Amino acid sequence: MALTPEDVVTKQFQHVRFKEGFDPDEVDDFLDEIVVEWRKTIAENEELKTKLAAYESGEAAPAEVVEAAVVEEPAPAVVEAVPAAEAPAAGGVAASAGIIELAQRLHDEHVAEGQAQRDKLISEAQSKAASILAEAEAKGRDEMARLEAERVTLESRISELRQFERDYRSQLRGFIEDKLRDLDVAGTTSGASPVSAS
């Protein structure tokens, strides 16, 4: 249901108890101002509808309609773009064709703008993806180089440790063999002179 000026005038608000509220006289005065402006707007709207109907039927003079549109209320951008020479000559059909042509042109401009924006976003996304991929590949190469250097270092260390193990075993074997020979020599010399029982 549409709200009318009479609805505003007849609206009753309940009084608030135990609380402070707005001054009822001030609210009523403001609502009266709204109703006056609303009624003016409705009257202007009705007048414009009447002039538009007269214009579409060809009864009103084109200059009067254009003047009314300029004085009463500015026309929307779409209507302003219609050439003034076409409107009176061909009537409502020519005006409609002009509006449709303008709407089509605006549509084409918006579509072209949307496609340009889409292409821009796609190219930005592709360049960003390429830079991310290049960065990831560079990091991967750096990591592989670091791991390869670490592998070479570890293999060198393992080789050193194996050499140390071989040297240590050979030295230990030599040492043990020397001790065994010393024991054999000591055993044969002590076997020649018997130990006395006393």
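These numbers come from the heavy atoms of this one structure, side chains and all, not from hydrogens, waters or symmetry mates. Computed from a predicted structure; not experimentally measured.
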Legend entry - Carboxylate-amine/guanidinium proximity below 4.0 Å for Glu143 and Lys139: no
Inset, instruction - Kindly compute the distance separating OG1 (Thr188) from CG (Leu183), expressed to the nearest 0.5 Å. - result: 10.5 Å
Inset, instruction - Please lay out, stage by stage, how Lys40 and Val36 fare under the test side-chain contact (heavy atoms from CB on, under 4.5 Å). - result: CA-CA 6 Å; Lys40 283 182 187 177; Val36 168; 4.1 Å; yes
Legend entry - Any side-chain heavy-atom pair of Ile132 and Lys128 under 4.5 Å: yes
Inset, instruction - Please step through salt bridge (Lys or Arg N to Asp or Glu O under 4.0 Å) for the pair Asp178 and Arg181, ending with a clear verdict. - result: CA-CA 5 Å; Asp178 284 345; Arg181 270 193 303 272; 2.3 Å; yes
Inset, instruction - For Glu46, check salt bridge (Lys or Arg N to Asp or Glu O under 4.0 Å) against everything at least two apart and list the hits. - result: none
Inset, instruction - List for me each residue that meets side-chain contact (heavy atoms from CB on, under 4.5 Å) alongside Val185, sequence neighbours excluded, and say none if there are none. - result: none
Legend entry - Separation of Ile176 CD1 from Leu172 CG (nearest 0.5 Å): 4.0 Å
Legend entry - side-chain contact (heavy atoms from CB on, under 4.5 Å) involving Leu133 - partner list, sequence neighbours excluded: Glu137
Inset, instruction - Step through the shown structure and confirm whether more than 12 heavy atoms of other residues, nucleotides or ligands are within 6.0 Å of CZ on Arg166. - result: yes
Inset, instruction - Please indicate whether Arg173 has more than 12 foreign heavy atoms, meaning atoms of other residues, nucleotides or ligands, lying under 6.0 Å from its CZ. - result: no
Legend entry - Close side-chain approach of Arg151 to Glu148, heavy-atom, < 4.5 Å: yes
Inset, instruction - Give, for atom CH2 of Trp38 and atom CD of Glu33, the distance between the pair rounded to the nearest 0.5 Å. - result: 15.0 Å
Inset, instruction - To the nearest 0.5 angstrom, please state how far the CG atom of Asp25 sits from the CZ atom of Phe30. - result: 15.5 Å
Inset, instruction - To the nearest 0.5 angstrom, please state how far the OG atom of Ser159 sits from the CG atom of Leu154. - result: 12.5 Å
Inset, instruction - With rounding to the nearest 0.5 Å, note down the distance linking CD in Gln104 to CD1 in Ile100. - result: 9.5 Å
Inset, instruction - Quick one: list whatever passes side-chain contact (heavy atoms from CB on, under 4.5 Å) with Gln171, sequence neighbours left out. - result: none
Legend entry - Between Asp119 and Gln115: side-chain donor-acceptor atoms closer than 3.5 Å: no
Inset, instruction - Please name all residues satisfying side-chain contact (heavy atoms from CB on, under 4.5 Å) with Glu124, sequence neighbours left out, ordered by chain then number. - result: Lys120, Leu121
Legend entry - Partner set under salt bridge (Lys or Arg N to Asp or Glu O under 4.0 Å) for Arg169, not counting sequence neighbours: Glu165
